[in-house]
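Take a look at the structure below.
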Amino acid sequence: MSNWIFGLKEVLKNRYSREMSISELARKTSIARSTLSRIANNRSNGLSLTTLSRICNALSCHPGDLFRLVVPVLDRDEARARAIKNLDS
């Protein structure tokens, strides 16, 4: 199973010569600091397109700059077991 990670912290660090704080981003976007903190720590249950758009506009970035897909690496035995299970299906 793959997981999407919202890389807001990384973008805040890499876009600027100094790290932009969540508080500063909250001021620029009019999004509550607590909401941005949940998003940055990947504890949010969802993200509206309006919120995503405000974040991207404030950071001058694209939505794809903020997301990262993490695919777990299977060990050999687990990969073999899954392959056998798929053959039996």
Side-chain angles (χ1 to χ4, degrees):
M1 183 171 151
S2 303
N3 293 315
W4 285 97
I5 301 293
F6 194 72
L8 181 58
K9 285 182 180 179
E10 291 82 5
V11 172
L12 288 173
K13 286 180 186 176
N14 295 331
R15 277 250 182 241
Y16 301 93
S17 57
R18 64 171 183 80
E19 181 178 345
M20 180 189 285
S21 69
I22 295 292
S23 296
E24 189 175 347
L25 183 61
R27 282 191 299 276
K28 287 185 173 197
T29 60
S30 299
I31 299 171
R33 187 191 178 290
S34 59
T35 299
L36 289 172
S37 181
R38 279 193 309 275
I39 292 168
N41 291 303
N42 289 294
R43 292 196 172 99
S44 176
N45 291 329
L47 185 64
S48 74
L49 292 177
T50 300
T51 298
L52 181 59
S53 178
R54 287 182 183 175
I55 291 169
C56 288
N57 286 335
L59 298 175
S60 299
C61 68
H62 298 282
D65 297 331
L66 296 170
F67 291 97
R68 193 171 69 242
L69 180 63
V70 178
V71 180
V73 177
L74 302 177
D75 67 20
R76 189 178 70 196
D77 293 334
E78 187 176 357
R80 183 170 183 247
R82 284 191 183 186
I84 290 170
K85 181 180 176 183
N86 288 338
L87 289 174
D88 291 340
S89 300

- Task: Tell me yes or no: between the side chains of Thr51 and Ser48, is some donor less than 3.5 Å from an acceptor?
- Result: yes

- What heavy-atom pair brings Arg33 and Ser23 nearest, and what distance separates the two atoms? NE-OG, 3.0 Å

- Item | Closest non-hydrogen atom pair between Gly46 and Ser44, with its separation | O-OG, 2.6 Å

- Task: Kindly compute the distance separating CD1 (Ile55) from CD1 (Ile31), expressed to the nearest 0.5 Å.
- Result: 4.5 Å

- To the nearest 0.5 angstrom, please state how far the CG atom of Leu66 sits from the CD atom of Glu10. 10.0 Å

- side chain to side chain contact (heavy atoms under 4.5 Å, CB included) assessment of Asn41 paired with Phe6: CA-CA 8 Å; Asn41 291 303; Phe6 194 72; over 6 Å; no

- Message: With rounding to the nearest 0.5 angstrom, report the CG to CD1 distance, Leu36 to Ile22.
- Response: 5.5 Å

- Item | Minimal non-hydrogen separation, Cys56 against Pro63, with atom names | SG-N, 3.5 Å

- Query: Any idea which heavy atoms bring Arg54 and Thr29 closest together, and the distance?
  - Reply: CD-O, 3.3 Å

- Which atom of Ala26 lies closest to which atom of Ala32, heavy atoms considered: CB-C, 4.5 Å

- Note on the structure: CG (Asp65) and NE2 (His62) are apart, to the nearest 0.5 Å, by 6.0 Å

- Close side-chain approach of Leu8 to Phe67, heavy-atom, < 4.5 Å: no

